[in-house]
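Structure first, then comments.
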Amino acid sequence: MAKRGMLFVISGPAGAGKSEIVKTVLKKHPDVRLSVSCTTRAPRPGEVDGVSYHFVDDARFDELVKEDAFYEWAHVHQNRYGTLKSVVQKELEAGRDLILEIDVQGCLQVLEQDPSAVGIFVSPPSRENLEKRLRARGTESEESIRVRLNNVAGEVATAYKYHYVIIHQDWSDVPNALDIAADEVYSIITAKRCEEKNRKGFLDALSSELRA
């Protein structure tokens, strides 16, 4: 039977760069997979249904909630996001290490429900940098930017509940900041894989072989 995979939950304030970090990790390391979440948010330019998110309307989301189909779900900036249990469990049972890139509220729900999940908080280096990143997106209204910035203090306060914190530096100061952050995330994944409990099967087999 395949070794059960590990669940790495990555979140942080909007604009901190977690999506870019996750994309870089997946590009460099195909041994890690991404869980695709459900959302009632409208697709942004370039996003593909079933790849970026499972885009559903409010009525369908309500049905999924009633069916207890979500691992977690939350309201975030007037929209709802959720992680389908079936998607997560299928990957983990197959022995694949899985990344969940979700909002802070959802991450805390996952960490509470699954003590084996690993929480990774992505933080911007400063408020000024975060505002610059949000404006650079070109997808946010002034009102949306204001709301998101007002929410950041509360989101950062939750970082103390995570296992690891990645500081995504300002690209102007650190040109390879994205690669550094992605490498730090993968180093966490590698370290968890090397823990004794995750090497026990190998050690048992080797010990048995050496005693033969």
Side-chain angles (χ1 to χ4, degrees), residues 3-41 51-54 61 64-65 68-77 79-124 130 148 151-152 154-168 178 180-195 197-198:
K3 178 184 73 68
R4 183 176 172 82
M6 289 181 288
L7 182 60
F8 297 88
V9 191
I10 298 179
S11 64
K18 54 188 180 294
S19 295
E20 291 87 349
I21 292 171
V22 169
K23 288 176 184 177
T24 302
V25 171
L26 297 174
K27 182 178 180 180
K28 289 184 173 183
H29 307 286
D31 55 316
V32 183
R33 296 199 180 193
L34 178 69
S35 177
V36 180
S37 298
C38 260
T39 183
T40 57
R41 174 174 69 69
V51 177
S52 306
Y53 288 95
H54 295 291
F61 201 98
L64 291 169
V65 171
D68 194 28
F70 289 122
Y71 195 65
E72 57 76 34
W73 71 272
H75 290 272
V76 183
H77 307 303
N79 294 298
R80 287 183 290 175
Y81 294 78
T83 303
L84 291 167
K85 294 178 181 178
S86 58
V87 172
V88 173
Q89 294 304 319
K90 181 179 179 181
E91 295 292 328
L92 297 182
E93 290 298 334
R96 302 185 183 101
D97 292 332
L98 190 67
I99 288 178
L100 280 180
E101 183 207 329
I102 55 180
D103 65 277
V104 169
Q105 296 175 54
C107 180
L108 295 180
Q109 290 180 43
V110 173
L111 295 180
E112 183 177 344
Q113 294 179 48
D114 186 353
S116 67
V118 179
I120 303 175
F121 187 88
V122 176
S123 175
L130 180 61
R148 289 181 184 275
N151 289 340
V152 170
E155 291 174 325
V156 171
T158 68
Y160 298 97
K161 299 180 180 180
Y162 288 67
H163 300 93
Y164 299 92
V165 175
I166 300 294
I167 303 172
H168 189 191
L178 178 57
I180 290 173
D183 289 346
E184 288 180 343
V185 169
Y186 193 70
S187 71
I188 292 169
I189 295 173
T190 301
K192 296 299 292 184
R193 288 173 174 172
C194 292
E195 287 184 346
K197 64 182 179 182
N198 295 318

What are the two closest heavy atoms between [X] and [Y], and how far apart are they?
X: G15; Y: L130; result: C-CD1, 3.5 Å
X: E101; Y: S19; result: OE2-OG, 2.5 Å
X: Q105; Y: H75; result: NE2-O, 2.9 Å
X: Q113; Y: P115; result: O-CD, 3.6 Å
X: V152; Y: P13; result: CG2-CB, 4.1 Å
X: L98; Y: L34; result: CD1-C, 3.8 Å

**Request:** Tell me, yes or no, whether the heavy-atom count around I167 atom CD1, taken from other residues, nucleotides or ligands under 6.0 Å, exceeds 12.
**Result:**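 Open.
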**Message:** Can you tell me if K28 has over 12 outside heavy atoms packed within less than 6.0 Å of its NZ?
**Reply:** yes
**D97 and its side chain to side chain donor-acceptor pair (under 3.5 Å) partner, picked from R33, R193, K192** =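 The single option meeting the side chain to side chain donor-acceptor pair (under 3.5 Å) with D97 is R193.
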**Request:** Go through the structure and list residues passing salt bridge (charged side-chain N to carboxylate O under 4.0 Å, His left out) with R41, not counting sequence neighbours.
**Result:** E47
**Asked** salt bridge (charged side-chain N to carboxylate O under 4.0 Å, His left out) with E184: which residues, sequence neighbours excluded?
**Response** none
Roughly how far, to the nearest 0.5 Å, is [atom2] of [Y] from [atom1] of [X]?
X: W73; Y: T83; atom1: CH2; atom2: OG1; answer: 12.5 Å
X: I189; Y: C194; atom1: CD1; atom2: SG; answer: 12.0 Å
X: D103; Y: T158; atom1: CG; atom2: OG1; answer: 10.0 Å
X: I10; Y: L100; atom1: CD1; atom2: CG; answer: 9.0 Å
X: E72; Y: S37; atom1: CD; atom2: OG; answer: 6.5 Å
X: D114; Y: Q109; atom1: CG; atom2: CD; answer: 13.0 Å

**Message:** What I want to find out is whether K23 reaches E20 closely enough, with some N-O distance under 4.0 Å, to be called a salt bridge.
**Reply:** no
May I ask you to test the [X]-[Y] pair for a side-chain heavy-atom distance under 4.5 Å?
X: V36; Y: H54; value: yes
X: V9; Y: I102; value: yes
X: H168; Y: L178; value: yes
X: F121; Y: C107; value: no
X: K161; Y: L108; value: yes
X: I166; Y: K18; value: no

**Request:** Sort out for me which residue in N198, L92, V32, I99 forms a side-chain contact (heavy atoms from CB on, under 4.5 Å) with M6.
**Result:**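 So, applying the side-chain contact (heavy atoms from CB on, under 4.5 Å) to M6 and each of N198, L92, V32, I99, only N198 qualifies.
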**Asked** Who passes ring pair (Phe, Tyr, Trp, His ring centres under 6.0 Å) against Y186, sequence neighbours left out?
**Response** H29
**Prompt:** So, does N79 use its side chain to make a donor-acceptor pair with the main chain of T39 at under 3.5 Å?
**Reply:** no
**Request:** Output yes when a side-chain donor or acceptor of H163 lies under 3.5 Å from a complementary backbone atom of V118, and no otherwise.
**Result:** no
**Asked** Do F8 and Y164 have ring centroids that are under 6.0 Å from one another?
**Response**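 Distance test on ring centres: not under 6.0 Å, no.
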